[in-house]
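Quick note: numbers below take in every heavy atom, side chains included, and nothing from hydrogens, waters or symmetry partners.
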Amino acid sequence: MSEAMEAEFGTVAEFTAQVARDFGPSFHIPAGCRGSGSPAALDWLMEHLELVPGESLLDSGAGVGGPAAYAVQQRSVRPTLLEPEHGACRAAQALFGYPVVQASATDMPFEDQMFDAAWALGVMCTLEDQLAFLTELRRVVRSPGRIGLLVFMAQIPDPAGQPDGNNFPTRSTLTDLIVRSGLRVEHWHSTADLPDIPDDWQAKIDAVTEEIKARHHNERAWQLAEKQSELIGGLLADGTVTGELLVLRRA
């Protein structure tokens with residue numbers, strides 16, 4: 001993993017958890033979802049994954065753990081977090097205390113069909129072996145397979161200005177990978193068609209972001225992570241990259 005990605009998903013994840021803890025429990029989930037999921041996106045995934053209380057949910061590439069905590073709050077699921085970055089694992093443990101496994105999304109240390117459902121939010125574009133990523137998700141989820149994805153998808157191959165370490169699939173690449181992994185698309189929805197983030201949720205994210213900046217703006221990790229965020233923000237703003245929500249099942 002590149003230095004910029006380690007900064008973004010490791011060091012700054014710990015910055016985020018520390019500020020959220022200082023601000024109080026009402027900030028934990030919004031801060032933990034910073035950059036990885038809005039309430040509307042998570043609600044859409046939970047509805048179309050048909051999550052019910054007591055089911056096991058794998059969050060692959062869980063980051064700080066906010067989306068998993070939101071799923072617990074809304075659907076009373078039993079989450080397991082998988083995350084490659086040690087800093088993010090520590091941050092998730094500090095904020096939420098759910099089981100966290102440090103491992104790669106392309107080589108998961110889980111038994112076959114171990115989980116009722118799984119999701120991965122904004123993870124695919126950060127991986128080189130995207131087929132292995134989808135194949136592993138298919139392997140660890142029980143039949144018929146309920147897998148939710150937030151995918152950042154490029155409208156053209158290899159767009160200029162991609163953040164360091166990112167590889168955005170195109171629609172044709174993504175659909176081909178899904179077929180090759182033995183999955184099929186059950187639902188597909190653009191994040192552009194979702195309701196806006198609620199004002200109070202966004203205000204908490206903004207407050208946490210500003211406090212992290214105030215504490216760490218002179219540190220290289222923050223600067224690298226901010227550059228990454230600015231690059232993907234620009235691509236999303238001009239439509240070069242779009243956010244896509246998918247629910248997959250076994251083919």
Side-chain angles (χ1 to χ4, degrees), residues 1-10 12-13 16 30 32-45 48 59-64 66-67 83-85 88 105-106 119-134 137 147-181 183 185 187-197 201-202 205-206 209 222-248:
M1 185 173 286
S2 69
E3 182 186 7
M5 293 180 72
E6 288 178 358
E8 182 180 8
F9 299 119
V12 174
T16 300
C33 291
R34 197 170 69 98
S36 63
S38 70
L42 299 175
D43 288 340
W44 187 93
L45 286 170
H48 289 89
D59 189 337
S60 178
V64 179
E83 168 57 44
E85 281 294 317
T106 60
W119 67 25
L121 310 178
V123 174
M124 190 169 187
C125 64
T126 67
L127 300 170
E128 291 185 13
D129 194 343
Q130 296 174 347
L131 179 59
F133 163 67
L134 292 174
L137 286 172
I147 298 167
L149 300 177
L150 167 60
V151 179
F152 293 114
M153 187 181 76
Q155 301 306 299
I156 57 173
D158 299 318
Q162 294 188 81
D164 188 27
N166 280 250
N167 177 27
F168 299 111
T170 62
R171 181 178 288 270
S172 62
T173 301
L174 178 57
T175 53
D176 178 64
L177 286 167
I178 290 168
V179 170
R180 291 170 60 197
S181 65
L183 296 165
V185 177
H187 302 284
W188 189 318
H189 193 75
S190 172
T191 60
D193 297 327
L194 294 172
D196 292 337
I197 295 175
W201 180 288
Q202 186 63 56
I205 293 175
D206 292 344
T209 301
W222 170 254
Q223 294 166 1
L224 288 171
E226 276 297 278
K227 182 63 174 177
Q228 295 280 92
S229 179
E230 290 170 5
L231 288 171
I232 193 168
L235 293 170
L236 289 166
D238 67 18
T240 301
V241 169
T242 59
E244 307 293 334
L245 294 169
L246 291 84
V247 167
L248 311 177

> Check each of Leu246, Leu149, Leu177, Ile147 against Leu183 using the side chain to side chain contact (heavy atoms under 4.5 Å, CB included) test, and report the only one that passes.
Ile147
> I'd like to know if the side chain of Glu83 reaches the main chain of Ser60, judged simply by a donor and an acceptor atom lying under 3.5 Å from each other, with no hydrogens or angles considered.
no
> Provide the closest heavy-atom pair for Ala160 versus Leu235 in the form atom of the first, atom of the second, distance.
O-CD2, 3.5 Å
> Mind listing the closest non-hydrogen atom pair of Pro159 and Thr240 along with its distance?
CB-CG2, 3.5 Å
> Less than 4.5 Å apart, side chain to side chain, heavy atoms only: is that true for His187 and Leu245?
no
> Is atom CG of Asp196 surrounded by more than 12 heavy atoms (other residues, nucleotides or ligands) closer than 6.0 Å?
no
> With a 4.5 Å limit on heavy-atom distance, are the side chains of Asp164 and Leu231 in contact?
no
> Please check if the side chain of Glu244 supplies one atom and the backbone of Met153 the other of a donor-acceptor pair under 3.5 Å.
no
> Between Pro163 and Phe152, is any pair of side-chain heavy atoms under 4.5 Å apart?
no
> Is the closest side-chain donor-acceptor distance between Gln155 and Thr242 under 3.5 Å?
yes
> After noting the C-alpha distance and the side-chain angles of Thr106 and Asp129, does the key distance pass the side-chain hydrogen bond (donor to acceptor under 3.5 Å, both in side chains) rule?
CA-CA 7 Å; Thr106 60; Asp129 194 343; over 6 Å; no
> Sub-3.5 Å donor-acceptor pair from the side chain of Ser229 to the main-chain atoms of Ala225, do we have one?
no
> Can you find a heavy atom in the side chain of Arg180 that is under 4.5 Å from one in the side chain of Leu134?
no
> Using modelled atom types and a 3.5 Å cut-off, is there a donor and acceptor pairing between side-chain atoms of Gln130 and backbone atoms of Met124?
yes
> Taking C-beta and beyond as the side chain, do Met5 and Thr126 meet within less than 4.5 Å on heavy atoms?
yes
> Heavy-atom distance under 4.5 Å between the side chains of Asn167 and Glu128, does that happen here?
no
> If you define the side chain from C-beta out and look only at heavy atoms, does anything of Trp119 sit under 4.5 Å from Leu42?
yes
